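Let me begin by presenting the structure, written as structure tokens, before commenting on it.
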Amino acid sequence: ITGAASGIGRATALIFAREGANVVCADLNEDGARETAAQVNGRYGNLGSQALALKVDVTARKQVDDMNGSRGSDLASRSTELAAWNLSSK
């Protein structure tokens, strides 16, 4: 979810997590994205939802491509770690 550091983006991340989704909190404001991810993990981790925070400038095409894994970013490995952690915690 882009813009997840605050406002509507944060609210959206929390709603998705409440509904059981794993969430990638993407924002230029890395500290805010981490706060949102921490809220997801703290509030909804018991429901199986987990969050990952990424610093991303959505106006920079390469950063968006990297976030989506199309350029071999570490998101794919982070997502795999998150999925493995999520499975092992159930």
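This structure is a prediction, so every number in the text was calculated from the model and none was measured.
Of all heavy-atom pairs spanning Asn41 and Gln50, the tightest one is OD1-OE1, 3.1 Å. Closest non-hydrogen pair, Val40 versus Ala13, comes out as CG2-O, 4.1 Å. When all heavy atoms of Asp27 and Ala33 are compared, the closest pair comes out as CB-CB, 4.1 Å. Shortest non-hydrogen contact noted between Asp57 and Thr59 is OD1-OG1, 2.6 Å. Listed here is the closest heavy atom pair of Tyr44 and Leu14: CE1-O, 3.6 Å.
A distance of 8.0 Å separates NZ in Lys62 from CG in Asp65, rounded to the nearest 0.5 Å. Arg34 contributes atom CZ, which lies 10.0 Å from atom NZ of Lys55 (distance to the nearest 0.5 angstrom). Atoms CG and SG, from Leu54 and Cys25 in turn, are 8.5 Å apart once rounded to the nearest 0.5 Å. Atom-to-atom distance recorded for Arg10:CZ and Ile15:CD1 is 13.0 Å, nearest 0.5 angstrom. Here the OG atom belonging to Ser49 is positioned 12.5 Å from the CZ atom belonging to Arg43, to the nearest 0.5 angstrom. The distance from atom OG1 of Thr36 to atom CG of Asp31, rounded to the nearest 0.5 Å, is 11.0 Å.
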| request: I would like to know whether Ile1 and Val24 meet side-chain contact (heavy atoms from CB on, under 4.5 Å); could you show each step before the answer? | output: CA-CA 6 Å; Ile1 296 174; Val24 175; over 6 Å; no
